[in-house]
2 protein chains.
Amino acid sequence: MATTRTDPLTFEVVQLIGSVVARYHEEYERAAAEHSLTGAQARLLGLLSVEPLPMRRIARKLKCEPSNVTGIVDRLEARGLVERRPDPDDRRVKLAAPTASGLATAKLLRGSLDFAREPLAELSDDERRTLRDLLRRMLGDDAEL
Amino acid sequence: MATTRTDPLTFEVVQLIGSVVARYHEEYERAAAEHSLTGAQARLLGLLSVEPLPMRRIARKLKCEPSNVTGIVDRLEARGLVERRPDPDDRRVKLAAPTASGLATAKLLRGSLDFAREPLAELSDDERRTLRDLLRRMLGDDAEL
DNA sequence: TATTGTTATACTCTATAACTATA
DNA sequence: TATAGTTATAGAGTATAACAATA
């Protein structure tokens, strides 16, 4: 187990990461707004575009309370981007799934998210590989939910 | 001007950055909550701990509307962490400044923010330097406000 | 009994627009 | 008239607690 550092170099890297986080967030919200979605709605729709999920699992993925998911799905459903389906195996659960329109929006959204690639344009392939490896090591075994 | 890429390597780096962002955010909110602050309150208090600022400038720094700053400062002021001072040079402006208690809280908060250093513990000094340089290049000339 | 999703409630953050007091 | 800060309003996200249906 390595030890946490407090030297100036580490401090600067932490600050740089803070800047990346701020930038990423701004651009993500902007991209969502372009499709008249809030950040939370865009994240939820992005999740569902991979696979339909029970409300409970969405809450775990989004790291929020299940009661919040009800509202976000309600608003996406009102716009025809998501629908609730029964789960044949357990009548308690409802599966949230994107509609065709929802899938299309999710795809457009991913396109708008090109933004995230833009700051990388400055780096060569070798540098990207290096960055990828360093980020992988930083994140370690990031458990899926 | 370099071009935006769409190759798998770039895609993976973008995803990794997304993970870093998610992790950073979680931990930031957790650290703020430890001091019974919301994320927005913690960010505002952190800003003021560097130097007192007019409400308007806080809004620009936080990239939100000035009307929101009123509420956040209200809540911090109600808890005795921040105070409003008149600006001698312009009687229209109010300077928000941390109290002694606010400064102490900001310092504790920065301490709790050690979290951000933790994922870096896996990297050697050389690797940190490399990461720093890559992030700097990614961010380019990030204009101050 | 335990779990799933929902409702009810309360608080915070957010943007918009209208207001006030200065400049 | 222009600017700084505020208020009023409305919408969205958040957590907590209590509830119905199902397991």
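Scope of the values below: all heavy atoms of this structure, side chains included, with no hydrogens, waters or symmetry mates. Model, not experiment: these values are computed from the prediction. So you know, we letter chains A, B, ... as the sequences are listed, proteins then strands, and number each from 1.
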Partner residues of [X] under the side-chain hydrogen bond (donor to acceptor under 3.5 Å, both in side chains) criterion, sequence neighbours left out:
| X | value |
| --- | --- |
| A:D74 | A:R84 |
| A:E26 | none |
| B:D126 | B:R129 |
| A:R137 | B:E127 |

Rounded to the Å, how far apart are [X] [atom1] and [N] [atom2]?
| X | N | atom1 | atom2 | value |
| --- | --- | --- | --- | --- |
| B:L44 | D:dG5 | CG | P | 13 Å |
| B:R60 | D:dG5 | CZ | C1' | 14 Å |
| A:K94 | D:dA20 | NZ | P | 15 Å |
| A:L53 | C:dT4 | CG | C1' | 15 Å |
| A:L37 | D:dA12 | CG | C1' | 13 Å |
| A:R56 | D:dT22 | CZ | C1' | 13 Å |
| A:M55 | C:dT4 | CE | P | 13 Å |
| B:R79 | C:dC11 | CZ | P | 15 Å |

Just to confirm, is there a sub-4.0 Å distance from OP1 or OP2 of C:dT6 to any side-chain nitrogen or oxygen of A:T70?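 Affirmative; the distance criterion is met.
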
Restricting to salt bridge (charged side-chain N to carboxylate O under 4.0 Å, His left out), what partner residues turn up for B:D125, sequence neighbours left out?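 B:D125 satisfies salt bridge (charged side-chain N to carboxylate O under 4.0 Å, His left out) with A:R5 once adjacent residues are dropped.
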
What string of B, S and - do you get for nucleotides 18-23 of chain C, 5' to 3', if B is base contact, S is sugar-phosphate-only contact and - is no contact with any protein heavy atom under 4.0 Å? ----BS

Does B:L139 share a hydrophobic cluster with A:Y28, counting links as ILVMFWY side-chain heavy atoms below 4.5 Å and allowing steps through other members?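 Per the 4.5 Å side-chain linkage, B:L139 and A:Y28 are co-clustered.
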
For the hydrophobic clusters of this structure (ILVMFWY residues joined by side-chain heavy atoms under 4.5 Å, transitively), does one cluster hold both B:L108 and B:V82?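 Unlinked, B:L108 and B:V82 end up in two clusters.
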
Could you list, one pair per line, each protein nitrogen or oxygen that sits under 3.5 Å from a nitrogen or oxygen of nucleotides 13-17 of chain D, together with the distance?
residue: D:dG13; atom: OP1; partner: A:T38; partner atom: OG1; Å: 2.5
residue: D:dG13; atom: OP2; partner: A:R75; partner atom: NE; Å: 2.6
residue: D:dG13; atom: OP2; partner: A:R75; partner atom: NH2; Å: 2.5
residue: D:dA15; atom: OP2; partner: A:E65; partner atom: N; Å: 2.9
residue: D:dA15; atom: OP2; partner: A:N68; partner atom: ND2; Å: 2.6
residue: D:dA15; atom: N7; partner: A:N68; partner atom: OD1; Å: 3.0
residue: D:dT16; atom: O4; partner: A:S67; partner atom: OG; Å: 2.7

Would you tabulate the side-chain donor-acceptor contacts of residues 41-55 of chain B under 3.5 Å, counting partners in other chains and residues two or more places apart, or write 'none'?
residue: B:Q41; atom: OE1; partner: B:T38; partner atom: N; Å: 3.2
residue: B:S49; atom: OG; partner: B:G46; partner atom: O; Å: 2.7
residue: B:S49; atom: OG; partner: B:R110; partner atom: NH1; Å: 3.3

Just jot down the side chain to side chain contact (heavy atoms under 4.5 Å, CB included) partners of B:V21, sequence neighbours excluded, or say none.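 Applying side chain to side chain contact (heavy atoms under 4.5 Å, CB included) to B:V21 gives A:V21, A:Y24, A:H25, B:I17.
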
